[in-house]
Amino acid sequence: MTATSTNSDLAQRAAHVLMGNYGERNLAIVRGEGARCWDADGNEYLDFLAGIAVNNVGHSHPAVVEAIARQAKEMIHCSNAFLIEPQIRLAERLTEATGMERAFFCNSGTEATEAAIKTARIWARNTRGTGHHKVIAFEGSFHGRTLGSMSATWSKKVREGFDPLTPGFEFAKLNDLESVDKVWSDEVGGVLVETIQGEGGIHPCTQEFLEGLRERCTERGAALIVDEVQCGMSRSGRIMAYQHLDIEPDIVPIAKAIGGGLPLGALLVKDEYGQHLAKGTHGSTFGGNPVACAAGLAVCDVLFEDSLLRQVGEMGCYFWGKLEELKSEFPDLIEGVRGKGLMLGLIMKKPSMDMVAIGRRHGMLFNCTADRVIRFLPPLIITRDDIDEAVVKLRSSLTDFSS
Ligand code: PLP
């Protein structure tokens with residue numbers, strides 16, 4: 001749809017009718033194609049945010065557009081009281097690609113995490129008896145905004161004011177097994193960890209740490225829940241980021257990129273865990289909607305290709321190298337680079353929220369998380385030329401930021 005209003009008209013109208021939870025917004029993105037998008041005033045942006053790791057196949061990928069249109073003509077919605085073929089096909093596709101065995105579909109990352117926590121709790125109750133409901137989560141974590149996921153989220157900003165939180169969460173330090181052992185008690189029935197923390201500032205788990213969690217969960221009778229909502233769906237260069245580390249989780253919430261831009265989340269589980277979320281224990285009206293699942297199937301066709309996964313690895317290395325060059329050019333501003341594949345953070349030496357607006361002025365979208373981490377989550381179809389262009393825009397942005 002072509003915008004009929006300007007950025008500032010829309011900002012003024014929004015200020016009257018929308019709630020203020022997203023803060024002040026002054027750009028209306030109205031069109032996207034591949035790695036580019038345009039605002040209501042016609043300005044073009046190189047999109048290195050991709051809807052925060054949603055548009056992994058790029059904006060309006062033709063195969064996704066086609067799949068949505070085809071399915072919408074057949075049927076847009078059907079209750080989960082009935083079998084839905086695209087949902088079954090997508091579950092087959094996702095379980096085959098991830099080593100998981102069953103899927104439950106929902107609409108978002110926070111819902112997938114809620115379902116993960118419920119599955120771990122009921123599995124622990126059914127297999128070990130009551131009193132093993134606790135879940136260990138990690139400092140720096142983000143798992144969503146609903147009450148359960150929010151209670152498993154570390155950030156004070158996310159949790160403050162919403163007391164009482166859901167009880168039953170303990171926090172340990174990421175990549176520190178000793179701190180995990182310190183909070184572990186017989187009450188623990190699950191461990192919830194992001195393979196690469198996104199909102200927390202792009203912190204990947206080490207191999208040793210994830211292996212250590214796997215061993216402890218197996219030995220002590222807890223479910224290992226690996227949150228791949230942001231780092232999954234090929235963003236890291238493997239379909240799921242935990243596949244780099246050669247461990248098998250028990251429960252995996254995913255969302256974001258899976259629906260190609262439509263709201264879709266999923267909980268993937270090993271059968272041993274999934275069977276406990278039995279008849280009547282959980283559900284969703286829209287979860288696994290046929291149109292979203294049809295889009296998901298088209299997304300898998302693109303993202304699960306070996307050539308695409310290789311390209312993510314190559315582009316990730318290339319971009320990392322360019323970011324290191326920027327670090328040498330701006331040693332007073334930049335501390336380092338972190339991440340995996342095309343989930344990269346430029347670690348700044350000072351709070352850098354202002355970089356976001358400066359980047360937009362130079363025609364590039366990215367965001368800033370954990371106060372001083374410039375986060376890049378470009379579409380996975382980006383080319384070397386896109387990265388070269390991004391680096392030019394970043395250089396100009398850093399120059400403005402430093403002056
Ligand atoms: N888990 C992780 C790792 C996330 O990054 C997010 C969102 O950023 C969520 C869960 C929540 O997803 P949603 O915003 O779709 O509810």
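Computed from heavy atoms alone, side chains included, the values below leave out hydrogens, waters and symmetry copies. Remember, it's 1-based here, ligands and their atoms both numbered in the order they're listed. Here, residue 1 is the first one in the sequence, and each next residue gets the next number.
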Answer yes or no: are there more than 12 heavy-atom neighbours, outside Glu85 itself, under 6.0 Å from its atom CD? no
Criterion side chain to side chain contact (heavy atoms under 4.5 Å, CB included) against Arg360, the qualifying member of Asn26, Asn43, Asp39: Asn26
Determine yes or no for a side-chain-to-main-chain donor-acceptor pair under 3.5 angstrom, with Thr113 supplying the side chain and Gly109 the backbone. yes
Tell me whether Asp186 is salt-bridged to Arg128, with the criterion being a basic N under 4.0 Å from an acidic carboxylate O. yes
Can you spot which of Val373, Leu346, Leu344 makes a side chain to side chain contact (heavy atoms under 4.5 Å, CB included) with Arg338? Val373
Go through the steps for Leu303 and Leu308 under the test side-chain contact (heavy atoms from CB on, under 4.5 Å), then give the verdict. CA-CA 6 Å; Leu303 294 186; Leu308 184 281; 4.0 Å; yes
Would you mind writing out a table of all protein N or O atoms found under 3.5 Å from any N or O atom of ligand 1, naming both atoms and giving the distance to 0.1 Å?
| from | atom 1 | to | atom 2 | distance (Å) |
| --- | --- | --- | --- | --- |
| ligand 1 | 1 (N) | Phe142 | O | 3.4 |
| ligand 1 | 1 (N) | Asp227 | OD1 | 3.4 |
| ligand 1 | 1 (N) | Asp227 | OD2 | 2.8 |
| ligand 1 | 5 (O) | Gln230 | NE2 | 2.8 |
| ligand 1 | 8 (O) | Lys256 | NZ | 3.2 |
| ligand 1 | 15 (O) | Gly109 | N | 2.8 |
| ligand 1 | 16 (O) | Gly109 | N | 3.4 |
| ligand 1 | 16 (O) | Thr110 | N | 2.8 |

